Visitor: 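Just passing along the structure, written as structure tokens.
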Amino acid sequence: MTRAGEPLLQVQGLQVHFPIKRGVFVDRTVGHVRAVDGVDLAIDRGTTYGLVGESGCGKSTLGRAVLRLVEPTAGQVLFDGTDVASLRGEALRTMRRRMQMVFQDPLGSLDPRQDVESLLSEPLRAHGLGGGRAGIATRVRELLDAVGLPTAALRRYPHEFSGGQRQRIGIARAISLEPDLLIADEPVSALDVSVQAQVVNLLEELQQRLGLTYLVIAHDLAVVRHISDVVGVMYLGSLVEQAPSGALYDEPLHPYTRALMSAVPVPDPVVEERRERILLAGDLPSPADPPSGCRFHTRCPWRQETRCDDEVPVLRELAPGHLVSCHWAEEIRDGALQPRSAEEVAATQGVSVRATGVEAIESDALVQGLDEPIERR
Amino acid sequence: MSIEALPPEGALRTDVPVLEVEDLSVTFARRGEQPTRAVDGVSFSVAAGETVGLVGESGCGKSVTSLAVMGLLPRRGVQVGGSVRLGGTELLGAPDRTLRRLRGAEMAMVFQDPLSSLNPTVPIGTQVTEVLVEHRDMGKKEAATEAAELLDRVGIPDPTRRLKEYPHQLSGGMRQRALIAMALACSPRLLIADEPTTALDVTIQAQILELLRELVVDSGTALVMITHDLGVVAGLCDRVHVMYAGKVIETADRHDLFARPRQPYTGGLLASVPRLDAGRGIPLTPIRGSARDAIPWAEGCAFAPRCDNAQDDCLTEVAGSTVPLEYDGPGRELRCRHPLTHPSSTAGATSSGSTASGAGR
Amino acid sequence: SSDRESGGGGEGGGAAQSGGTMVFGATGDPAMLDPAFGSDGETFRVSRQIFEGLLGNELGGTDPVPELAEDWEVSEDGLEYTFNLQQGVQFHDGTQFNAEAVCFNFDRWYNFEGLATSPSASYYYQAVFGGFASTPDTPSIYQSCEATDENTAVIRLTQVTSKFPAALALPAFSIQSPTALQEYDADNLSGAEDALTYPEYALEHPTGTGPFRFESWDRGNGRVTLVRNEEYWGEPALLDELIIRTIPDGNTRRQELQAGSIDGYDFVAPADYQSLQDEGLQVLVRDPFNILYLGFNGGNVPGTSANPALQDPRVRQAIAHAIDRDTIVSSLLPEGAEAAIEFMPPTVDGYAEDVTTYDHDPDRARQLLQEAGAEGTTLRFYYPTEVSRPYLPDPAAMFQVISQNLTDAGFTIEPVALPWNPDYLNAVQSGQADIHLLGWTGDYNDAYNFIGTFFAEASNNQASAEFGAFSAPEIFQALARADQEPDAATRTRLYQEANRLIMDYLPGVPISHSPPALVVAENVSGLEPSPLTAEVFSTVSISE
Amino acid sequence: MTAMGDVRRQRIDELAARAGQVPEGEGGVSLVRSAFRRLRRNPVAILGAVIVVVFLFVAAFAPWLAPRDPLAQTLLSEVRPGFIPGAQEGFPLGADQLGRDLLSRLIYGSRQSLLIGVVSTVLGAVVGMALGVLAGAFGGWVDTVVMRFIDIILSIPSLLMAISISVLLGQNQYALMIAIAVTQVPVFARLLRGSMLAQRGSDYVLAARALGVKRGRIVFGHVLPNSLSPVIVQGTLSLATAIIEAAALSFLGLGDPDIARPEWGAMLSTAQDFLSVRPELAVWPALCIIVVALGFTLLGESLREALDPKFRR
Amino acid sequence: MLRFIVRRLLQLVPILLGLSVLLFAWLRALPGGPAQAALGERATPEAIARYNELFGLDQPIWVQYLRFLGRAVQLDFGTSSRTGRTVTTEFLERMPGTVELTLFAMVFAIGVGIPLGYLAARRHGSWLDSGAVIGSLLGVAIPVFFLAYLLRLLFAVELGWLPGSGRQEVRIDATHITNFYVLDGLLTREWDAAWDALLHLVLPGIALGTIPLAIIVRITRASVLDVVNEDYVRTANAKGLSADTVRRRHVIRNALLPVSTTIGLQTGLLLSGAVLTETVFAFGGVGSAIYDAIFTRDFAVLQGFILMLAVVYVLVNLLVDISYGLLDPRVRVR
Ligand SMILES: Nc1ncnc2c1ncn2[C@@H]1O[C@H](COP(=O)(O)OP(=O)(O)OP(=O)(O)O)[C@@H](O)[C@H]1O
Ligand SMILES: Nc1ncnc2c1ncn2[C@@H]1O[C@H](COP(=O)(O)OP(=O)(O)OP(=O)(O)O)[C@@H](O)[C@H]1O
Ligand SMILES: [Mg+2]
Ligand SMILES: [Mg+2]
Ligand code: NI
């Protein structure tokens, strides 16, 4: 199990498309939401890979696809050499023991009817670990200790804890199976800053102690940069840039990364005043109908007349470990191309940009009304 | 702004600050439950063209303060005390009619969640024009033209088409812009923005913040910016009031505050935020516990249980007496008996996080 | 002479003062309006106003009296009846009433074909005359009808029967207009899948000679409107209009009368007699002409399983002794009700005073049961729901009291409730009950109409399935002899004998004769209650 | 440092140690328990519960509470058409139309009425929930088939459905219960399915899957228990409906054929015939039905509130 | 929108097919079967056999079903065994009454329920509120038939203000064109007939409308309470709109969305569920026809009426969905 040289997790050409269904009797597929559309990445053992991007760009879906919580449409997920996508039934269940997940909403991810003890012992029992009743009990206490919760918490229910504590419970549950890989989907974005810092510290501490490998998903670039070794930037289902976190900050190559970076406010007036701002035009286009060519061309301040609109850029390695998918990355880096303002971009692109979330929920009032308790006579 | 929009008691004066809040307190008293004091003696003022920030963790009373200013708290089960003056006119206790005349025209508000703050069954256009019709006595047609201009001004492309659309057809950023357009419809003198960007992506947040910034510069509107994001405060506000458990615990100009936070709480907040410009691995030094761990102010300093500087005098022996908000140098006020000390140099601003006495874990 | 008659009719029409409109509450819609296909009370209630038969019923009584026949003669052998008809009578459509019209009707019935021959269509014809021309297997007692002259009709039978001619007073044998019958295709019963479809005649054009003409039938509003026949040959009706309105619910009927929306109704609950009277309404009590009995299952119906204990006379006697008829009569039935000792009312010829009686005596009942070794016998006791019959105003109450009586005497009761029509009748008449409640209102004054209906010999030497097809040859013979006896006095004696035999055998327990009532508003006069529930409204008037 | 200072110092340390600790109090309050607590504080709930408990008590101890045999036609010989003996010595509410003690019948009647309500609701709930679980757990075509079936049942108005079933099954109290139960089935099925579908999409189910918890355990250990609260609420409300519906069926003559057995609905509908004589015969059972139905409804509504996540802290 | 309607109409097909199978099976499963059901008082086994042969009931069951289906498609549900007229005729004659009654009941329930629910919510916690809540609970708890008697006793018998049964005073000789009596009265300018028909709707309408009334009051109240706490109402207030505008445009409009669904559902239920009320008020509608059909075992009518009512019910719900789409832009279907 120790093929040290190899990355722990390798994702190749991963695609997840959700069918959009509509129909009279039987639902026909009329299109696809390309939530993840061809992602390659690799995570080395013991390191942290941070994934950032705007809401709806497919980060969560990617994370879930790795765990096979959603079925990938295409591509491979190699975990420690095994293709997760090919596993079935019991084999998959066993494999999941080694990959765990921490969720964004700490309350929602805990069954409100379970007390902490039952929450923490359930995975152990499901996998036949922990060695009997007493073993499980000790293990559960260890776990609580590891995440800094007192044993008094055992008898309590999720709603009785504060947000940070709930997230600790989520983390304790995730590490209960001693996984190799921990996927954290926005683990701190629902928390207050002070609590957020506590959880970030806890994650880092656990990584050191247990030698965990992390895939951390967040939309907060600062958090990602803080805890990641390598950062990947996603836009509309694909990676646009990937680099060691220092390199990415020092020299973002992709126009989107630059814009993102410039948009993150820094709690320091001095920096804020100096900072150049690249404003993007409009919103994220719908993943059901992504733009042609470079996905970003509709909002890109550096968009060129050639190539951008029709040629899909590939992820190129510009510097060691620094990959970027932009036709003009070098020119932009070298300052050969100058950005245009958001207004100009908007003007050239028109307003064809359809926002996400426009899809109306088709509501069957007959069905919905009746799902409520009702009186009939 | 038209004369009719002014209250009959006399024109709002321009020689006083746009908004003066004095000793504002809000108590929620639900039947059968212990009354809770959500806001407790908050005072601040905002001048025209000034941006004032209210920061603090969730539940510290920021929104309640803003709602109390706007007179939007429910009547039942809420006690509001103190004084709120808009251009010299007292708002607390003012009749509903007066408040309605002022709201939207003289003072406006932008809320956190742009989706739920828009009526889902009414087209955007109507929601914008109704303000104009109400406060600026416009006809329907006129209002529609004006509304389109407003939407254009806040950066919504193709405004005439958008006017006919419903909120769910707009993206998050556009919804927030639409809300801002409504707030700006009558060029109010005071704009309160309650976490206007929290629900948005960073790139959109940047767009909105830029918009607000322009607004303050261009029209001299007084802006109260409520947020828990210290980064936003750093980029936007002139003065910052840090709140904790319903009280202001530190007030300072933006530069001062970030350079030399005095309250351990402020320091802790700054030390908790991972910074984009700080390297990987620099440990964060969070405050322990959470906002739930506050003690009542009546027993002393509510922050004491989480504070590393806490000393025995942070708790008072006389029930009801609390740690006061006191002058702490020019332009600064502080509510702390054992503030952080800083080396006199104000230079190394970027490392302010590390000056906070690190503890936690 | 016909001139004089019709002139008189015209005069009568002109002289009749405006009698107003009467609204009468009925329990259900008529099934249709052609009485030849009718068998239920609501159909007949309407028919009786529109139609007349050769014979009618004595006003307020049960005896047959001449109606469209002025009089009649019977031949010596009792097989040939000569009817002398009223003259100057016209059907509502202007067709002349005469002997040919009479024979047209008799021939019509005899020549029914197809669906019209099904029991659900022509029940009374089959009950009185037997088979049809089209069903040679089933003998018919009808042979022919001959119009010997304009006003004389001669009807020949194949067999003597005591039912004839009294049965001719039944509305089913009303004389209808041949023109209308033909024009509106009266015999053309069609049927799809599982129901009869009546021809236009029966739905829209009933045409008779009676004091009222059919005006309209509004099914949605449950209303049949009849108007005065101005050309009536006899004393014209006083009412301008008679509306029969369907109100199924008894309470609603009462409240509507109290509210003044209707002027009268039938099927008055015994409990209401007093309070209605106290309110100044007129409760018109009919003389009892019915019998309520508790039928036993003789256990011989193929495909059914009755409790064998009932074959033992002692068990049957125990049941009879267990029932407290006096309390039933005094507590459940209206004033004027009588406990019954045999299966027909005392007013019918053939009633015997000296039959074996079974008094209320629980101890004796228990003792008999013990002797029979049948203590705790479980009896499936059937009773009807959703119905109120003249002899059984409240079946549920009756059931509860009798069932309590039987339980006290040591039986175990297993109740079965079924809606009256068709479920209850079907179940009971196919021998599924151990014991059941049923009764009978006489159609005309004739003993055979009561006991013959119940106990006459059916196929394979057994009684009807209702009484579990018991076999008692002496009863069968006695009844057959009596039915075929042309001499009235002898016949009466024979029927008395039959009654004695029946009460010795005890195929069921006769319980009571109950006087049903109608109620009308204070301002209604002239309504004569009929023991046959066959009121005619032509004498009724209503004052403001 | 003064002694006072020491005390305060200690207090600070204590507070500091407690910051970030789990809250104090008895703790271990599950949602059900906390819902129950809220319920106990709600006067409406208490009123409902008291009503329900009183009637359950009456039903359970009917033989001891009833002064007389509810079947004995003791005063029958005094009954005359148009006269029913009223209150008198030993008959506090008088007799009914067959001379039986009205009070005793009302007391015994609670048994039958509650039994019908409970049995038919339980039956309807069990079958409905089985269908709901089937649809909610498997989704896909199973869901489609089950839901279409439910749609079919739903498209027949409930009273008609009950009537059709009693016609089919003949008239007995089991038919009555089944008839009422069938009308409840679709409600429960839809409710549970809807609620399960909502739960299925929730994060904790995803978490359980990620943890490798087996499918059966996810459905029965997590999704189902969390989907039950609307079902419980509906169950309570359905009890009221079932009792009323039983009364309606009795009124339509489709009730229990053993009408001697006291049951409020049947008592009410027979009493309609004696309204002019003794209106109390109808008023008492009607009151019983209304009050019990009200009790269950109050309880159900307060349960709904207590279980509503909106009110959770 | 059209697509949506077509889709919903097509969805009706499997429901109706399933329903027809169910009803067909039900009819065959009945004790005695259709022959016994149709034949009158003293039917002999021979008569039953004859009958079965006559109507093809001796054919295999699926042949019978297909024939039944074939005819049902042409709206031929056979003939009522009670009246001898086709089921379709009966239905067309009875439905207008029920529609009138239902409309009246719903107008009553909506007209009283929505204002009452709104007031109760606005005066949350007041005696009016408690009264409305308790009243609405009672409205659901009281057996309809009992209420009907009470109403009639009071308004028809004691006070004599309103007619207590029927669809129209029988003494009025009204012309009927459409069988909607009120409409007929208006069409033929027989004003008194129209007025009388309307009066006849009052008591049964109120009895029938109590349950929807109770439900509407509760839902309106709950919904208004929810909506006044919505962010957009706060926004509207923050915009300084007049209290009236806020109420009209932002509160009531949104609060009525869930109410409208309820109204639709209830209308559907009433159209088909008025058995008790119509019977008690001797009101010649579909409900009382069904009641009669039950007790006379008129299975053709039961079967046909239930099928047609199911269609009505589903169609009403379709209408509800469509109108909901019109009211709420979020579910507007393209
Ligand atoms: N089960 C699903 N069915 C259909 N579409 C889905 C499903 N799950 C996600 N999507 C769509 O896929 C896209 C990517 O979703 P995803 O949740 O991965 O985004 P994300 O980057 O995690 O966003 P956020 O920051 O908001 O969590 C979105 O447009 C979303 O609407
Ligand atoms: N309607 C209310 N009834 C009772 N308590 C309330 C009410 N509204 C707010 N509170 C309480 O007042 C306190 C302050 O709430 P407020 O909404 O102002 O916090 P906030 O600073 O805006 O937090 P956030 O960042 O989460 O928006 C909280 O403790 C809250 O529980
Ligand atoms: Mg996500
Ligand atoms: Mg807030
Ligand atoms: Ni600092």
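All values below come from the heavy atoms of this structure, side chains included, with hydrogens, waters and symmetry mates left out. What you see is a predicted model; the values in this text were computed from it and never measured. Chain letters run A, B, ... following the sequence lines, proteins first, then strands; residues in each count from 1.
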Visitor: How many angstroms lie between atom CG of D/Asp151 and atom CG of E/Leu19, to the nearest 0.5 angstrom?
Guide: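 Atom-to-atom, D/Asp151:CG and E/Leu19:CG are 11.0 Å apart.
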
Visitor: Distance check, rounded to the nearest 0.5 Å: E/Leu137 atom CG versus D/Ile290 atom CD1?
Guide: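 E/Leu137 CG to D/Ile290 CD1: 12.5 Å, rounded to 0.5 Å.
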
Visitor: Please state whether the side chain, the backbone, both or neither of E/Leu307 comes within less than 4.5 Å of a heavy atom of chain D.
Guide: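 No part of it gets close to chain D.
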
Visitor: Tell me which pairs pass salt bridge (charged side-chain N to carboxylate O under 4.0 Å, His left out) where either residue lies in residues 42-55 of chain D, with sequence neighbours left out.
Guide: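 Residue pairs with at least one partner in residues 42-55 of chain D: there are none.
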
Visitor: Atom CG of D/Leu287 and atom CD1 of E/Ile142: how far apart are they, to the nearest 0.5 Å?
Guide: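 Nearest 0.5 Å value for the CG-CD1 distance: 9.0 Å.
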
Visitor: Anything under 30° is parallel, anything over 60° is perpendicular, the rest tilted; go ahead and classify E/Tyr149 against D/Phe251.
Guide: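 Rings of E/Tyr149 and D/Phe251: perpendicular, over 60°.
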
Visitor: Looking at CD1 of D/Ile244 and CZ of E/Phe145, how far apart are the two atoms once the value is rounded to the nearest 0.5 Å?
Guide: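 One finds 10.0 Å between CD1 of D/Ile244 and CZ of E/Phe145.
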
Visitor: Between E/Phe305 and chain D, which part of the residue has a heavy atom less than 4.5 Å away: side chain, backbone, both or neither?
Guide: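 Neither part; nothing is under 4.5 Å.
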
Visitor: Examine whether an atom of D/Ala240 lies under 4.5 Å from a heavy atom of chain E, and if so say whether it belongs to the side chain, the backbone or both; otherwise answer neither.
Guide: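 For D/Ala240, neither part sits under 4.5 Å from chain E.
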
Visitor: Step through the shown structure and confirm whether more than 12 heavy atoms of other residues, nucleotides or ligands are within 6.0 Å of CZ on E/Arg123.
Guide: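 Not buried by this count: 12 neighbours or fewer within 6.0 Å.
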
Visitor: Just wondering, more than 12 heavy atoms not from D/Phe274 lying within 6.0 Å of its CZ?
Guide: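 Yes, CZ of D/Phe274 has more than 12 neighbouring heavy atoms, counting only those of other groups under 6.0 Å.
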
Visitor: How far apart are the closest heavy atoms of D/Ala248 and E/Leu276, and which atoms are they?
Guide: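 Closest approach of D/Ala248 to E/Leu276: CB-CD1, 3.5 Å.
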
Visitor: Less than 4.5 Å apart, side chain to side chain, heavy atoms only: is that true for D/Ile152 and E/Pro14?
Guide: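 No. Closest side-chain heavy atoms not under 4.5 Å.
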
Visitor: Measure E/Val133 against the heavy atoms of chain D and call it side chain, backbone, both or neither at under 4.5 Å.
Guide: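 Answer is neither: E/Val133 stays 4.5 Å or more from chain D.
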
